[in-house]
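Since the model is a prediction, treat every value here as computed from it, not as a measurement. Counting begins at 1 with the first residue of the sequence. Only heavy atoms go into these numbers, but all of them, side chains included; no hydrogens, no water, no symmetry mates.
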Amino acid sequence: MVSTVVTSPPRDSPTIAPRRLRAARALWRLLAGRTARLAAGAHQTWRRSLQLRVVTITLVASSLLVGGFAFLIADKLTNILLENAETDVLLRLQNGSDYASKQFNLYSQPQEAQLQDTIDGTVNYLAGGDPAQTSGVVVAITADNFTNIAPRTSPDVQVRPMISQELRSSVAAGKVAHQIRTGSLGGQRTKYLVYGSPVPTRFGQLELYYLVPLSRQDATAADARATVVATGAALVLLLGLLAALVTRLVVTPVRVAARTAQRLSAGLLDQRMVVNGEDDLALLAASFNQMATNLQRQILRLEEMSRLQRRFTSDVSHELRTPLTTVRMAADLIFAERDEFDPAVARSAELLQAELDRFEELLTDLLEISRFDAGFAMLDSEPTDLVPVVHRVTERLAGLAERVGVAIELDLPDSPVIAEVDPRRVERVLRNLVGNAVEHGEAKPVRITLGVDQSAVAITVRDHGVGLKPGEEKLVFNRFWRADPSRARQTGGTGLGLSISLEDARLHGGWLEAWGAPGQGAQFRLTLPARAGDRLTTSPLRLVPADATLPFGGPRDGGPLAIGPGSGAGALAVGPAESGDRAEVTS
């Protein structure tokens with residue numbers, strides 16, 4: 001028999017749930033109200049309490065500043081420790097390489113019986129004479145080019161996994177190279193500084209390696225980092241306590257204003273200060289923003305005027321083409337019949353023809369300048385052999401050089417010099433440089449030199465005329481500038497040639513530089529990257545010529561100022577610091 005017990009719900013259960021719900025809602029409203037009041041109070045305190053804002057901002061800013069400073073100190077200390085270790089190992093490597101070379105030069109063949117014993121003794125000697133691992137430094141001599149010579153290490157550990165193929169290739173190529181590797185040499189896993197150097201012998205080249213553990217340097221750096229972090233934390237707390245004493249928030253708005261002013265001076269005209277509140281600081285920010293707005297309006301107006309001026313120059317140059325064509329046709333007709341005129345009229349026809357040529361060239365240059373100013377100049381780069389370009393320029397100016405009694409000398413490589421350049425623009429630059437050199441050559445030879453290396457090509461144009469006075473090398477690329485206004489032009493130039501040449505060089509990503517000294521002539525150097533888009537770092541040719549007598553006692557000791565690389569007529573460089581001086585790079 002199964003009995004069923006039915007349990008009835010409590011009599012008050014229908015009323016318990018609504019009461020609990022109402023209590024929960026009341027508690028929620030109470031918490032929400034208190035939270036809103038706290039938030040409103042905090043917001044009001046934040047807006048009104050200068051002390052709170054100063055303390056908070058100072059803590060955040062000082063934390064970031066001290067953190068960055070601590071990182072820099074730790075990083076600098078780590079680098080110093082590593083540099084000291086590298087210097088020590090490099091010195092030991094050089095001494096060891098010299099010692100090993102002297103020992104192995106006693107043998108002329110790698111098959112000699114005592115060679116292997118000499119290698120063993122040399123390794124043990126370079127390791128300190130103790131084959132046991134005491135200081136952790138491992139010395140190894142390998143001979144990858146000789147199969148009959150076994151590699152030796154002291155202590156006797158397996159070092160091949162610690163020496164990468166890249167390092168082996170660099171050392172095999174005759175370079176001193178190093179790497180930082182992490183691995184285990186018979187013990188716990190350790191970071192090693194691996195240095196390798198070639199050892200030249202009478203029968204070939206061996207390789208000497210030093211593997212120095214960096215455990216001590218890592219431990220020192222870790223201790224330094226911990227100390228710096230602890231000091232930084234204490235400093236942040238101290239700054240917070242000091243900031244709590246500040247009752248007026250003045251420093252921060254002043255700094256914000258200073259930073260905004262710096263950005264404005266850098267050309268960021270849309271920078272403004274944030275206006276918060278209605279106090280005196282907000283009034284200062286609003287006044288500053290109004291000043292910046294007025295300044296931006298004036299600068300934009302000046303830029304618009306400059307744009308209109310450039311457009312006016314371009315439009316006038318274009319509009320003058322039509323009347324110039326008509327005048328050219330009439331002048332050509334008169335010039336063709338000049339033999340039938342009176343001598344004075346015939347001479348006038350010749351002068352008219354020459355001035356029309358110069359006028360037409362001036363219009364062409366003005367159009368080119370307007371394209372540069374508007375940013376519409378385009379570079380049409382293609383692989384070009386520069387040797388024929390130099391020959392074409394020389395042949396074109398041969399008549400002028402013969403007329404003024406100037407000999408043009410060429411110093412060109414026998415092989416082609418290929419570079420990705422715009423041949424039309426390069427030829428125009430060379431034509432301007434050689435033409436100026438011939439005109440100012442004072443009947444002395446003009447020498448054109450072409451140089452090339454792996455990353456750049458360079459052309460120098462050297463004359464031995466009156467040269468440039470101090471300061472004129474900064475003006476020579478200015479538009480319509482002339483060193484001697486009373487000097488008659490032989491070529492009828494427009495005064496825009498060097499300015500256009502400078503823009504052509506910049507368009508290639510290259511340099512156009514000038515050097516000159518009174519009585520010693522002048523030299524211009526055009527340097528272009530061998531591949532379009534590459535960045536120049538050095539030039540294959542020197543800017544200051546080798547035959548220049550410099551004011552500090554002799555050639556190459558120093559020199560007159562010259563337009564610096566990539567700077568046009570702006571920066572200056574001194575003779576011996578020219579980019580033509582090669583710098584040795586070690587791995």
Heavy-atom pair with the smallest gap, counting every atom of [X] and [Y]:
X      : Y      : value
Pro540 : Thr527 : CD-CG2, 4.4 Å
Arg202 : Asn105 : CD-O, 2.7 Å
Glu442 : Gly465 : CG-CA, 3.6 Å
Leu397 : Gly435 : CD1-N, 3.6 Å
Val393 : Glu427 : CG2-CG, 3.7 Å
Val438 : Ala401 : CG1-CA, 3.8 Å

Any donor-acceptor pair under 3.5 Å linking the side chain of [X] with the backbone of [Y]?
X      : Y      : value
Asn294 : Gln290 : yes
Gln523 : Arg542 : yes
Asn84  : Ile80  : yes
Asn289 : Met273 : yes
Ser197 : Val171 : no
Ser170 : Arg168 : no
Ser101 : Ser97  : no

Does a salt bridge link Glu409 with Arg447, judged by any charged N lying under 4.0 Å from a carboxylate O?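 Salt bridge present between Glu409 and Arg447.
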I'd like to know if Arg424 pairs up with Asp380 as an ion pair, taking the criterion as any Lys NZ or Arg NE/NH1/NH2 lying under 4.0 Å from an Asp or Glu carboxylate oxygen.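 Between Asp380 and Arg424 there is no salt bridge, as every charged N stays at least 4.0 Å from the carboxylate O atoms.
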Within the 4.5 Å heavy-atom criterion, are [X] and [Y] side-chain neighbours or not?
X      : Y      : value
His508 : Glu420 : no
Ile448 : Ile408 : yes
Leu468 : Trp515 : no
Leu433 : Leu498 : yes
Thr394 : Leu410 : yes
Phe477 : Phe524 : yes
Leu507 : Arg425 : yes
Val406 : Pro445 : no

Going by atom types only, do Arg272 and Gln296 share a side-chain donor-acceptor pair under 3.5 Å?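 There is such a pair (donor and acceptor under 3.5 Å, judged by atom type) between the side chains of Arg272 and Gln296.
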Distance only, no hydrogens: is a donor on one side chain within 3.5 Å (strictly under) of an acceptor on the other, for Ser501 and Asn432?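 Asn432 and Ser501 do have a side-chain donor-acceptor pair below 3.5 Å.
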Evaluate the criterion side-chain contact (heavy atoms from CB on, under 4.5 Å) for residue pair Val446 and Val461; output intermediate values, then yes/no. CA-CA 7 Å; Val446 171; Val461 179; 4.0 Å; yes
Set out, in order, the CA-CA distance, both residues' side-chain angles and the distance that settles side-chain contact (heavy atoms from CB on, under 4.5 Å) for Thr384 and Ile418, then state yes or no. CA-CA 5 Å; Thr384 304; Ile418 307 298; over 6 Å; no
Measuring from [X]:[atom1] to [Y]:[atom2], what's the distance to the nearest 0.5 Å?
X      : Y      : atom1 : atom2 : answer
Arg531 : Ser455 : CZ    : OG    : 7.0 Å
Glu503 : Leu512 : CD    : CG    : 10.5 Å
Gln262 : Gln271 : CD    : CD    : 11.5 Å
Tyr195 : Leu93  : OH    : CG    : 8.0 Å
Leu412 : Leu450 : CG    : CG    : 5.5 Å
Trp511 : Thr538 : CH2   : OG1   : 6.5 Å

The test is side-chain contact (heavy atoms from CB on, under 4.5 Å); show your working for Asp98 and Val199 and say whether it passes. CA-CA 8 Å; Asp98 295 339; Val199 179; over 6 Å; no
For Glu395 and Arg392, what are the C-alpha separation, side-chain angles and deciding distance, and is it a salt bridge (Lys or Arg N to Asp or Glu O under 4.0 Å)? CA-CA 5 Å; Glu395 293 172 359; Arg392 285 199 303 269; over 6 Å; no
Carefully, step by step, assess His464 and Gln520 under the rule side-chain contact (heavy atoms from CB on, under 4.5 Å). CA-CA 6 Å; His464 298 81; Gln520 300 187 54; over 6 Å; no
Are Arg525 and Glu513 close enough, and set up right, to give a salt bridge (Lys or Arg N to Asp or Glu O under 4.0 Å), and what steps lead you there? CA-CA 5 Å; Arg525 179 178 69 178; Glu513 305 153 277; 2.8 Å; yes
Set out, in order, the CA-CA distance, both residues' side-chain angles and the distance that settles salt bridge (Lys or Arg N to Asp or Glu O under 4.0 Å) for Asp463 and Lys444, then state yes or no. CA-CA 7 Å; Asp463 68 74; Lys444 298 177 183 178; over 6 Å; no
How about CD on Gln454, more than 12 heavy atoms from neighbouring residues, nucleotides or ligands closer than 6.0 Å, or not?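 Check fails, neighbour count at 12 or below.
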Please find out if less than 6.0 Å separates the ring center of Phe146 from that of Phe203.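 Yes - the distance between ring centres of Phe146 and Phe203 falls below the 6.0 Å cut-off.
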